[in-house]
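Heavy atoms only: backbone and side chains are in, while hydrogens, waters and symmetry mates are out. None of the values given here were measured: they were computed from a predicted structure. Counting starts at 1 for both ligands and their atoms, following the listed order.
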Amino acid sequence: MSQYPIAVVVGSLRKDSFNRKLATALAQLAPPEFSFKQVKIDDLPLYNQDDDARPAETVKRLKAEIIAARGLLFVTPEYNRSIPGVLKNAIDHASRPYGQSVWGGKPAGVIGMSVGAIGTAMAQQHLRNMLAYLDVPTLGQPEAFIQAKEGLFDANGNIGPDNRKFLQEWMDRYVAWVKKQAA
Ligand SMILES: Cc1cc2nc3c(=O)[nH]c(=O)nc-3n(C[C@H](O)[C@H](O)[C@H](O)COP(=O)(O)O)c2cc1C
């Protein structure tokens with residue numbers, strides 16, 4: 001296992017999700033002591049507080065993966081000016097039962113990509129609000145609101161030349177910050 005395993009939560013279940021591609025490409029910009037694992041959220045049941053005493057195996061798996069991580073990376077689209085329900089569902093699952101949230105203290109990066117002009121700004125702000133409540137410190141700057149545009153990814157799925165410098169700087173800041181938080 002790498003020194004800094006990061007749990008990546010992608011807020012889209014779509015097969016050709018831009019955000020999943022962004023999450024995969026971002027991982028390529030990190031140094032070797034970091035490893036990124038996209039956690040599975042598409043098989044979680046809808047959160048129901050009645051199930052707190054007997055959580056599904058998929059919920060136990062999600063919580064174990066978050067516990068094992070030294071940092072978090074949220075990569076999400078914006079749905080109707082907020083985060084997608086599937087992402088909220090995953091956040092709720094790993095926050096319960098009361099007093100047994102696994103999120104607290106894990107440093108998180110928040111980034112996202114959408115076709116709209118504000119590039120997930122509202123969704124990210126809503127997400128930061130939830131994470132603040134869950135005691136998850138988030139990297140404040142640089143903010144990254146990515147609008148889906150031709151050429152964002154190259155033929156190999158890496159970040160294309162137009163955005164590479166900015167996203168490399170974003171990753172460098174994220175890496176330094178996770179190391180500082182984990183020290
Ligand atoms: C239910 C729904 C709501 C959406 N709402 C927004 C929105 O509020 N802002 C926005 O920029 N794009 C919105 N979009 C468009 C998404 O940016 C677009 O579908 C994007 O491809 C989603 O990310 P993904 O490719 O990772 O699935 C919405 C899409 C859906 C399906």
Side-chain angles (χ1 to χ4, degrees), residues 5-30 34-48 58-59 61-62 65-66 69 71-95 103 106-134 136 138-171 173-174:
I6 304 296
V8 182
V9 192
V10 176
S12 171
L13 307 186
R14 198 167 75 85
K15 185 164 52 70
D16 295 323
S17 162
F18 292 131
N19 285 278
R20 190 167 302 284
K21 285 182 190 160
L22 178 61
T24 304
L26 277 174
Q28 302 302 315
L29 304 180
F34 275 64
S35 61
F36 293 79
K37 181 176 184 194
Q38 294 180 18
V39 299
K40 201 166 155 55
I41 62 169
D42 64 351
D43 56 358
L44 299 172
L46 286 177
Y47 177 76
N48 179 340
T58 53
V59 173
R61 180 200 63 215
L62 172 71
E65 287 177 341
I66 302 300
L72 307 168
L73 177 60
F74 289 89
V75 188
T76 187
E78 180 172 277
Y79 276 8
N80 300 313
R81 296 286 182 255
S82 187
I83 66 167
V86 291
L87 176 55
K88 182 64 162 61
N89 190 51
I91 291 171
D92 290 343
H93 269 300
S95 73
W103 297 114
K106 307 268 176 188
V110 174
I111 192 167
M113 177 171 171
S114 72
V115 297
I118 61 169
T120 73
M122 292 272 297
Q124 289 189 39
Q125 207 55 48
H126 284 194
L127 178 55
R128 286 179 189 278
N129 204 47
M130 292 165 208
L131 296 176
Y133 174 70
L134 292 168
V136 172
T138 50
L139 176 68
Q141 295 289 345
E143 296 174 307
F145 308 127
I146 315 293
Q147 189 177 16
K149 288 225 170 86
E150 197 62 37
L152 190 82
F153 303 107
D154 68 17
N156 299 316
N158 294 313
I159 304 292
D162 291 352
N163 291 277
R164 197 174 173 96
K165 184 170 177 293
F166 171 68
L167 286 173
Q168 184 65 64
E169 277 167 15
W170 188 92
M171 178 53 77
R173 285 281 290 273
Y174 172 74

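The environment of CZ in Phe166 is crowded: more than 12 heavy-atom neighbours from other residues, nucleotides or ligands sit within 6.0 Å.
Residues Arg173 and Glu169 are not paired through a salt bridge, judged by the lack of any N-O separation under 4.0 Å between the basic side chain and the carboxylate. With respect to the salt-bridge test (charged N to carboxylate O, under 4.0 angstrom), the residues Lys149 and Asp162 do not qualify.
The residues lining ligand 1, counting any heavy atom closer than 4.0 Å, are Ser12, Arg14, Ser17, Phe18, Asn19, Pro77, Glu78, Tyr79, Asn80, Arg81, Ser114, Val115, Gly116.
Side-chain atoms of Leu131 and Trp103, non-hydrogen and from C-beta on, never get closer than 4.5 Å to each other.
Smallest separation of non-hydrogen atoms from Thr76 and Thr120: O-CG2, 3.4 Å.
Within the structure, salt bridge (charged side-chain N to carboxylate O under 4.0 Å, His left out) pairs that include any residue of residues 111-128 do not occur (at least two apart or interchain).
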